[in-house]
Amino acid sequence: QVQLVESGGGLVQAGGSLRLSCAASGRTLNINAMGWYRQVPGNQRELVATMPGRDITNYADSVKGRFTISRDTAKNTVYLQMKSLRPEGTAVYYCNAQVQTWYGGSYSQYWGQGTQVTVSS
């Protein structure tokens, strides 16, 4: 019903930049919060940055000042601009969205398939 497709991951040297994109499609009647999480094998998925509402942003302390989340509501797309990347930022990055798929329905959480970000030292 709802698909989240991420793009923009890859290999970058420490100190470099990457921009992730995530486009939502399908039965996206209304989208509430959108955000980014990341996961390293063996660890729990952790929050990187979210936009719970228009012009409202939350960031993990480890990325504050280096990452910027933004959203294009007309395109149902969320972005993550990552600067000054560090090797500890190596992870699979997942897009998340809270989507209402029918009138009067509740919002459900959806995840993208993930995109690998590798930061070399």
Side-chain angles (χ1 to χ4, degrees):
Q1 287 186 329
V2 175
Q3 296 82 39
L4 301 179
V5 179
E6 300 116 332
S7 61
L11 173 64
V12 64
Q13 287 189 333
S17 300
L18 281 175
R19 187 188 191 215
L20 305 183
S21 300
C22 171
S25 62
R27 292 182 62 86
T28 55
L29 180 63
N30 287 299
I31 300 178
N32 191 8
M34 296 189 80
W36 292 93
Y37 293 72
R38 64 188 180 190
Q39 189 171 22
V40 175
N43 288 5
Q44 288 188 336
R45 194 170 295 185
E46 63 177 12
L47 179 149
V48 177
T50 63
M51 290 193 74
R54 185 174 183 174
D55 298 327
I56 300 173
T57 57
N58 290 323
Y59 294 95
D61 288 343
S62 59
V63 307
K64 284 180 181 176
R66 299 185 299 116
F67 290 12
T68 302
I69 188 171
S70 60
R71 186 171 165 182
D72 186 334
T73 54
K75 296 181 179 179
N76 287 339
T77 299
V78 64
Y79 306 95
L80 185 67
Q81 178 68 52
M82 304 185 292
K83 298 181 179 179
S84 302
L85 282 161
R86 304 168 180 169
E88 55 264 36
T90 295
V92 178
Y93 284 69
Y94 295 91
C95 175
N96 173 272
Q98 295 176 358
V99 183
Q100 183 188 40
T101 58
W102 53 283
Y103 287 107
S106 60
Y107 284 81
S108 298
Q109 193 162 224
Y110 293 86
W111 294 93
Q113 80 286 354
T115 185
Q116 177 70 46
V117 172
T118 302
V119 185
S120 63
S121 58

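Positions are given from 1, in the same order as the sequence printed here. The basis for the numbers below is simple: all heavy atoms, side chains too, and nothing from hydrogens, waters or symmetry mates.
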> Honestly curious: do Ile69 and Val92 fall in one hydrophobic cluster under the side-chain, below-4.5 Å linking rule?
Replying inline: no

> Are the side chains of Trp111 and Val2 in touch, meaning some heavy atoms are under 4.5 Å apart?
Replying inline: no

> If you round to the nearest 0.5 Å, how far is CD of Gln100 from CG of Asn30?
Replying inline: 5.0 Å

> Would you say the side chains of Gln109 and Asn96 form a donor-acceptor pair under 3.5 Å?
Replying inline: yes

> What pair of heavy atoms forms the shortest contact from Ala24 to Thr28, and how long is it?
Replying inline: CB-CG2, 4.2 Å

> Should Tyr79 and Tyr37 be regarded as members of a common hydrophobic cluster, given that ILVMFWY residues are connected when their side-chain heavy atoms come within less than 4.5 Å of each other, either directly or indirectly?
Replying inline: no

>> Would the distance check show the side chain of Glu6 and the main-chain N or O of Gly114 forming a donor-acceptor pair, the cut-off being under 3.5 Å?
In response: yes

> Hey, any chance Leu18 and Leu80 share a hydrophobic cluster, counting ILVMFWY side chains that come within less than 4.5 Å of each other, even indirectly?
Replying inline: yes

> In chain order, what residues pass the side-chain contact (heavy atoms from CB on, under 4.5 Å) check against Gln81, with sequence neighbours excluded?
Replying inline: Ser17, Arg19, Thr68, Lys83

> Of all heavy-atom pairs between Val48 and Tyr93, which one has the smallest distance, and what is that distance?
Replying inline: CG2-CE2, 4.1 Å

>> Measuring from atom SG of Cys22 to atom CD of Gln113, what distance do you get when rounded to the nearest 0.5 angstrom?
In response: 8.0 Å

> Hey, are the side chains of Tyr94 and Arg45 touching, using non-hydrogen atoms and a 4.5 Å cut-off?
Replying inline: yes

>> Would you compute the distance between atom CZ of Arg71 and atom OG1 of Thr57 and round it to the nearest 0.5 angstrom?
In response: 12.5 Å

>> Within this structure, what is the CZ-OG distance for the pair Arg86 and Ser62, rounded to the nearest 0.5 Å?
In response: 7.5 Å

> If you measure from CG on Leu4 to CD1 on Ile31, what distance do you get to the nearest 0.5 Å?
Replying inline: 7.5 Å

>> Testing the basics here: between Tyr59 and Ala49, what is the closest heavy-atom pair and its distance to 0.1 Å?
In response: CD2-CB, 3.6 Å

> Should Pro52 and Asn58 count as side-chain neighbours, where that means a heavy-atom distance under 4.5 Å?
Replying inline: yes

>> Keeping Arg27 on the side-chain end and Gln1 on the backbone end, is there a donor-acceptor pair under 3.5 Å?
In response: no

> Looking only at heavy atoms, what is the nearest atom pair of Met34 and Cys95, with distance?
Replying inline: CE-SG, 4.5 Å

> Does a side-chain heavy-atom distance below 4.5 Å link Met82 with Leu20?
Replying inline: yes

> Any side-chain heavy atom of Thr101 within less than 4.5 Å of one from Tyr110?
Replying inline: yes

>> Checking Phe67 against Leu85 for the side chain to side chain contact (heavy atoms under 4.5 Å, CB included) test, could you report, in this order, the C-alpha distance in whole Å, the side-chain angles of both residues, the deciding distance, and whether it holds?
In response: CA-CA 9 Å; Phe67 290 12; Leu85 282 161; 3.7 Å; yes

> Can you name the side-chain contact (heavy atoms from CB on, under 4.5 Å) partners of Thr118, sequence neighbours left out?
Replying inline: Leu11, Thr90, Gln116

> In the hydrophobic clustering (ILVMFWY, side-chain contacts below 4.5 Å, transitive), which residues join Trp102, or is it alone?
Replying inline: none

